[in-house]
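Heads up: the structure comes next, in structure tokens.
Scope of the values below: all heavy atoms of this structure, side chains included, with no hydrogens, waters or symmetry mates.
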Amino acid sequence: MIVFMCKRLGFMVVTMIVVSTLLFLLLEIDAENVAVGVLGPYSNDEQRRLWLEAHGYFEPLWLRYGTWLMKFASGDFGQSIRFNVPVAEVLWPRLWNTAILGFWTFALMIPLSLALGILAGMREGSKLDRSISVTSVTTTSIPEFASAVFLSAIFVFWLKILPGTSGMSSGFEFKQLILPVMVLVIYDFGYVARMTRASMAEVMTQPYIRTAVLKGLPYRQVILRHALRNALIAPFTVIMLQINWLLSGVIVVEFFFAYKGFGALLLEASLNGDIFLIEACAMVAVFVAVATQTIADVGYTYLNPRIRFA
Amino acid sequence: MADKSKTKIHPAVPELANQLAKGDIDRREFLRTATLLGVSASAAYAMAGGVTGSQFVPSAQAATPKKGGNLRCSMQVQRMDDPATYEWTQMSNTSRPFLEYLTITGTDNVTRPYLCERWEASDDLKTWTLHMRKGVKWSNGDAFDAEDAAFNFRRWLDPKTGSSNIGLFGSMVTETDTGKKDKGGNPIKSKSMTPGAVEVVDKHTLRLNLNRPELAMPENLYNYPTAIVHRRFEEEGGNISKNPVGTGPFELKEFKVGEKAVLAKRNPKDYWGDEVYLDQITYVDHGDDPAAGLAALASGQVELLYETFVEQLEVVQGIPGTQLFEAVTAQTGVARMQIDKKPFDDIRVRQAVTLCQDHQRLLDIAYRGKGAPAEDHHVAPTHPEYAKLPAQKQDYARAKKLLADAGHPNGIDLKLDCKKTPSWEPALAQALSEMCKPAGIRIQINVMPDAQYWKTWDKTPFGFTAWTHRPLGVMVLNLGYRSGVPWNESHYNNPAFDSALDVASATLDVEERRKQMAKVEKILQDDAVIAQPLWRSVFAAGTERVRGYELHPTIYHQLGKVWLA
């Protein structure tokens, strides 16, 4: 197990180093571009030269990369151009806001999709299964930007019962979370429900379930004791990967509802060419992707005895 | 803001009054020019009424204003550090409630005294004497005086500050050789303040000594990066959001880029002007999505939007309890061609592009007809010095011939860089592209994210750039078309144009100036530097609770008389 964990962690570190190199080369190889980004398009050559010199941009590339990586690893992401404060000062609060949004999305989406998936998978081909499947496919195929407009039209412009934006400008208000969470849940629950259904349906065809049923165990017990445990292995991985999806998937939702989260920050950084903020956001996104993948792998191995400690 | 001081009346004022009586100029033009020459706004209004025998007073408020309340406005909260380097009106709006200007241009395009209580211009318009208002206190308790104003001028005109004001006050700067050479071996020149251009006469008087006559000085003083900061601004960190010392009726309470700015009313006893009605102004940032602001307005999260785009008008009209503010402006978008880059270094190619336009149709297609057709010379009918040139006609046959003469008998392929938002910009670029097709000009539109466009706006050979409103036509021509100024995005360089502009900028007589402007406009139009389809109106939606708000053509927020019902 320890060797396995070490391997996974090693893989994680290597992936992040590779991505960081790519990021650095993409954004910082043209030092002049960085100076224009920081000092603005009206800065003169003299100002740019002084800035580049003061910030070590005349050093060899490998040394610049090394310094950049060390600073990054120690949490010094540089100064945001747009926000005019250290990147960390905007990044962590925004990430926290997205975590709040993610928490409520998952708190609703996981029970809902698991319940629906299990109900549908229990009796494959039944009326209930068909209804759930059609609903899931329909909701998942409506992109967030469409459902956001649709829900806004209903709840904001027509019924006037929910706030139209979720900027929390006068402090946290749960009401402002409802629409963004609703959009995310509607988009995502169908996918997880379909995965759970597939997994459940597969388990239900296994001989040990048939044996359990035939030996006269109550159906409820067959599902809860025997089927569920195995049926939930696949959804676990899928759910872990949804965390990764959520981090980039929230861009549309956060932009639409003016929610001050990580997705909106990433978009703002990209649109405004805020180089250091883009670097930090990209590294956080990569870290979350690799970390959730690792947790999913370790968890999967733990849950599934067949591939445990191969 | 009444000005009771006795001032020397500029010799041109009686002649102006004469022209008004004869009907040669309209009342707005009289007011504008008379106040520019140092006549107080109230005196000018009285004179205009006296001359024409009619009442001409600013519109009165319909109901009794109510004190108190928090006006929440949806607007991008951008960086607020050095006001001299502001690039956006929104930046200036967040600091406008606490940082004031030397003059103020109202929604009626008339410039009035503000921190400067009166001014005088010499007959040759090369010396301007500014008398600072007495009794103005900074929020840190210091008294405001001429040293503060002088400090600001010196900063603006120091190339190290990096302010666009250096182009605006071109009559106060001199170009010098830095002694350095660029990569191509050409000498690097730098513009900086002409020695002696700013002179502190006494504690409350400042004199500006210009290199050339300048009529628009008072109006230049109300440009968004000319907010007056305290004389110790740089010593105290050079960041106005961290050290918000101002003279205005509000003070900065909270500021977070990308989120919000909260400004609370200052003790009215400490403020020199009339007491403001609002207790608080809150700017809430809803990001780059214009729909988010509308949703916030519809659900009562804000009372006012910074701007409502033309395509949103129907939606606003469908939301009960809202009202729409409108301003006729000199805001525009120009498809400008860099005259030193191929294929635009051939004037025939540029002329062919401009000849393809039917300006009125472009206005109708891309901006729902809300505005006025433009004439490819960047002077608007709302500008007082606007001279009407003979109407331009779409002429495909001539465009084709010019292209063939320029060596493109089978037409030409061009790429036009354009910003993604607001949507009228790519729509107008697209309409222009379609309109050019019959002449064989195939324009591919390259729609770019805004930030990316602003990186290349002055470099791309063919770009579509939006320009904001400025009260005088000469202001924008001095900023954008004079040889060598920082914002000369077309690299236009025509000494004949520069000297004609000098003459127009220095001509006091309105009729004579209009004649001079006709020359300036004609040179620019004939040189086909820009294809300029339209002048657009601007809009802002608000709830019916917002009273006393008038939309400024540049969307400069003047909230001193605004109250909430």
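With contacts defined as side-chain heavy-atom distances shorter than 4.5 Å, the pair B:Asp450/A:Leu271 does not qualify. By the 4.5 Å heavy-atom criterion applied to side chains, B:Pro320 and A:Lys160 are counted as neighbours.
Contacts between residues 168-180 of chain A and chain B, defined by a heavy-atom separation under 4.5 Å, are made by A:Ser169, A:Ser170, A:Gln176.
Interface residue B:Glu259: backbone and side-chain heavy atoms are both found under 4.5 Å from chain A. Interface residue A:Phe83: backbone and side-chain heavy atoms are both found under 4.5 Å from chain B. Residue contact with chain A, scored on non-hydrogen atoms closer than 4.5 Å, involves the backbone and the side chain of B:Asp285 alike.
Judged by distance alone, with hydrogens and angles left aside, the side-chain atoms of A:Lys260 form a donor-acceptor pair with the main-chain N or O of B:Gly258 at under 3.5 Å. At distances below 3.5 Å, not a single donor-acceptor pair connects side-chain atoms of B:Ser299 with backbone N or O atoms of A:Pro163.
Among the candidates B:Val257, B:Asn239, B:Leu297, B:Thr456, the residue making the largest number of heavy-atom pairs closer than 4.5 Å to chain A is B:Val257. Of the listed residues (B:Gly318, B:Ala298, B:Pro449), the greatest number of heavy-atom pairs within a distance under 4.5 Å of chain A belongs to B:Ala298. Considering only heavy-atom pairs separated by less than 4.5 Å from chain A, the leading option among B:Ala296, B:Gly287, B:Ser241, B:Ala291 is B:Ala296. Across A:Thr165, A:Asp274, A:Leu162, A:Val149, the residue that shares the most heavy-atom pairs under 4.5 angstrom with chain B is A:Thr165.
Other residues, nucleotides and ligands place no more than 12 heavy atoms under 6.0 Å from the NZ atom of B:Lys256. Annotation: A:Trp245, atom CH2; neighbour count of heavy atoms from other residues, nucleotides and ligands within 6.0 Å is above 12. Within 6.0 Å of atom CZ in A:Phe287, 12 or fewer heavy atoms from other residues, nucleotides or ligands are found, so the atom counts as exposed in its surroundings. Around the OH atom of A:Tyr65, the shell of radius 6.0 Å holds more than 12 heavy atoms that belong to other residues, nucleotides or ligands. Heavy atoms from other residues, nucleotides or ligands lying under 6.0 Å from CZ of A:Phe58 number more than 12.
Atom-to-atom distance recorded for B:Asp289:CG and A:Phe257:CZ is 10.0 Å, nearest 0.5 angstrom.
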